[in-house]
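Report on one structure; see the data block that follows.
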Amino acid sequence: MTEHYLDILARTIRENRDQPALTDFYLTEDGTAQDTSRGNRYTYGEMYTEICRVAELLTSLGLKQGDHIAICGANSAHWVIAYLAIAKMQGVSVTVMHSLMPDEIARLITFSDAKVLFTDADIWAELNSQFLPQVETVVGLENWEVLKGKMQIISLPFRDELEVGFPSFPQSAPDDLAMICFSSGTSGNPKGVMLSMSSISNNVAYKLYLFSRYVGTNVLAILPFSHIYGLVIELLLPLCAGSITNIVISNSISIKNIINSCLFLNPKIIFVVPQVIEYLINENYDLNRIFKNLDFLSVGGAELEISVEKYLQKNNIGIAIGYGATECGTRITLATAQEYRSGSVGKVVSGLELKIADSGEILVRGENVMLGYYKDPEATAAKIDADGWLHTGDKGYMDEDGYLYVTGRIGQDMIVLPNGENIHPEDIESKINALPEVQESIVLARDGKPVALVVLEQGTKIATLKEQRHAILRTVNPQLPLFSQLYDVEFLDKPLERTAKQTIKRYKYK
């Protein structure tokens, strides 16, 4: 393992004690910044003091090394502090996307065996009627208010290690379980990815030195920290670098908010999924105005279209690109802006081996690879073979210089959206097919959005297809996470084409 990321962070805290570290950033509708009751600002020293305080809370609750503690909330400085406080007391973080339906959030928290939950008050208002048998304490992220339980964090004593000049985190072995995060294919049967300290540390430390040129600049954090890409690449990496003096946490990832935030903050680096850039280009926004201070865009989570790549290059906007998976703690390959090669996702990162199987599948092995899926040995064995190779499910090839090119998926129907989220269409189809008027359906992606093609039962009485379309959307979408909700419904006048084994010929439908 490379240097432990918590050792790197401790050194960064010591060297940057009085420098800005985290800022909650909020915009009004007209695009001007404002402070709210939830707005928090922390220097590195203040952040560490708060980490110690929250870690003391967890210890006082009787929690010990290895206990599972869940975080489910919107991005905020307190989300970051909760995550690092769990690391401080050697617990295991369980990160859950706050955009999921309340029953799904409750199911994942219960499945993970979390004993404590950090969450936003509005999320808890919807969650507190759900069955959470093992969660005895719920702490609000806004002001550390205890929403369930008796302990009051505000009265807790704590030891400020900064006063003796030695901010520190306990040492954990490379193979110790650091966190459980759920794979982005959480539309039906999510898997709890168990990541080790080694996986997180290798991802954070790889080419960390590149950030030394960005002293005194802002990083705009817009990707969800509950997603491994947002957590490791957008948060932990620049925070550990220390050369980035301020991680600015946006309250919204809407296009309007991203544009206004960029205009207000003039960041030198932005971490984005391709969907954001594609939208800005398609809507004819002036990228040179929006990104006037930008050094480069760091793109990941989904494929970057060649047309988008050419547009960025024409406008002299640098591109750093990577390829990865939750099961690898995010990174598998990386190309910096200086290493960028058209159509490629870069070279394999240190600590990993990569090879192309005879089937064309991309296989990886090494320190970044997960420990396995939580409480699912069968799924783990199906993903990681006896020789330790993780089967990504992606097809690709490498050129003579070691650059990887991803060309598609291997024998799977999963849809990868431009925002990096994965959708299993069968999960949505099962909900559509449960409707009495529906005979069968198929879900696919059009222009990066989930669309359902539906065959109605013969003799179904409807006023208009438009009315039926709205009825399906109203019924099905509330059952789905926001990222996988249907954008449209179209109707077919004949049954779906199937193979001799009665499997839908998905390749026939676009």
Backbone of [Y] reached by a side-chain donor or acceptor of [X] within 3.5 Å:
{"X": "K148", "Y": "V135", "result": "yes"}
{"X": "E46", "Y": "T43", "result": "yes"}
{"X": "Y285", "Y": "I259", "result": "no"}
{"X": "E145", "Y": "G140", "result": "no"}
{"X": "D376", "Y": "A379", "result": "yes"}
{"X": "D113", "Y": "H68", "result": "no"}
{"X": "Q485", "Y": "V476", "result": "no"}
{"X": "T330", "Y": "T326", "result": "no"}
{"X": "Q65", "Y": "G91", "result": "no"}
{"X": "S99", "Y": "L482", "result": "no"}

Tell me whether the rings of Y83 and W79 are parallel (<30°), tilted (30 to 60°) or perpendicular (>60°).
parallel

For [X], all residues meeting ring-ring contact (aromatic ring centres under 6.0 Å, His included), sequence neighbours excluded:
{"X": "H98", "value": "none"}
{"X": "Y206", "value": "none"}
{"X": "Y311", "value": "none"}

For W124 and L127: C-alpha separation, side-chain torsions, deciding distance, then whether side-chain contact (heavy atoms from CB on, under 4.5 Å) applies.
CA-CA 5 Å; W124 179 242; L127 272 182; 3.8 Å; yes

Could you point out which residue of V299, I277, I258, L297 forms a side chain to side chain contact (heavy atoms under 4.5 Å, CB included) with I270?
L297

In a check of side chain to side chain contact (heavy atoms under 4.5 Å, CB included) between L100 and each of L480, I123, L108, which one passes?
L108

Validation row: [X], [Y] side chains within 4.5 angstrom (heavy atoms):
{"X": "V146", "Y": "V138", "result": "no"}
{"X": "S199", "Y": "S196", "result": "yes"}
{"X": "V443", "Y": "V451", "result": "no"}
{"X": "I69", "Y": "S93", "result": "no"}
{"X": "V369", "Y": "E327", "result": "no"}
{"X": "M101", "Y": "Q479", "result": "no"}
{"X": "I233", "Y": "V204", "result": "no"}
{"X": "L239", "Y": "L84", "result": "yes"}

So how far is it from [X] [atom1] to [Y] [atom2], rounded to the nearest 0.5 Å?
{"X": "S172", "Y": "M197", "atom1": "OG", "atom2": "CE", "value": "4.0 Å"}
{"X": "F225", "Y": "L236", "atom1": "CZ", "atom2": "CG", "value": "9.0 Å"}
{"X": "D286", "Y": "K292", "atom1": "CG", "atom2": "NZ", "value": "11.0 Å"}
{"X": "R474", "Y": "L486", "atom1": "CZ", "atom2": "CG", "value": "14.0 Å"}
{"X": "M370", "Y": "I228", "atom1": "CE", "atom2": "CD1", "value": "12.5 Å"}
{"X": "I317", "Y": "N288", "atom1": "CD1", "atom2": "CG", "value": "5.5 Å"}

Sequence neighbours excluded, which residues qualify as side chain to side chain contact (heavy atoms under 4.5 Å, CB included) partners of A82?
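A82 satisfies side chain to side chain contact (heavy atoms under 4.5 Å, CB included) with I71, F118, L141, W144 only.
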
Give the minimum heavy-atom separation between [X] and [Y], together with the two atoms involved.
{"X": "L473", "Y": "P478", "result": "O-CD, 3.8 Å"}
{"X": "K268", "Y": "L294", "result": "O-CD1, 3.3 Å"}
{"X": "V272", "Y": "Y229", "result": "O-OH, 3.9 Å"}
{"X": "I13", "Y": "Y44", "result": "CG2-O, 3.9 Å"}
{"X": "Y487", "Y": "R469", "result": "O-NH2, 4.1 Å"}
{"X": "T95", "Y": "C181", "result": "OG1-CB, 3.3 Å"}

Pair E50-N40, side-chain hydrogen bond (donor to acceptor under 3.5 Å, both in side chains): steps then yes or no
CA-CA 12 Å; E50 199 74 350; N40 290 294; over 6 Å; no

Could you please spell out the steps behind the side-chain contact (heavy atoms from CB on, under 4.5 Å) verdict for I86 and V92?
CA-CA 7 Å; I86 295 168; V92 174; 5.8 Å; no

Quick one, Y42 with H78, criterion side-chain hydrogen bond (donor to acceptor under 3.5 Å, both in side chains). Give me CA distance, side-chain angles, the key distance, then yes/no.
CA-CA 10 Å; Y42 290 96; H78 280 186; 2.7 Å; yes

Stepwise, does the side-chain contact (heavy atoms from CB on, under 4.5 Å) test hold for L9 with F169?
CA-CA 9 Å; L9 180 60; F169 293 85; 3.9 Å; yes

Check this for me, if you would: do [X] and [Y] make a salt bridge, where the nitrogen-to-carboxylate-oxygen distance has to be below 4.0 angstrom?
{"X": "R107", "Y": "E104", "answer": "yes"}
{"X": "D488", "Y": "R446", "answer": "no"}
{"X": "E3", "Y": "R11", "answer": "yes"}

Only counting residues at least two apart or in another chain, list the ones meeting salt bridge (Lys or Arg N to Asp or Glu O under 4.0 Å) with K64.
D67

So is K375 actually on top of F111's ring, under 6.0 Å and inside 45° of the axis?
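Satisfied, under 6.0 Å and within 45°.
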
Could you go step by step and tell me if Y5 and N202 meet the side-chain hydrogen bond (donor to acceptor under 3.5 Å, both in side chains) rule?
CA-CA 8 Å; Y5 88 95; N202 285 338; over 6 Å; no

Once salt bridge (Lys or Arg N to Asp or Glu O under 4.0 Å) is applied, what residue pairs with a partner in residues 200-209 remain, sequence neighbours excluded?
K207-E339

Test log, rule side-chain contact (heavy atoms from CB on, under 4.5 Å), inputs V349 and I332:
CA-CA 6 Å; V349 301; I332 294 175; 5.9 Å; no

With a 3.5 Å cut-off and no angle check, do the side chains of K88 and Y48 form a donor-acceptor pair?
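Distance-only check passes for K88 and Y48.
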
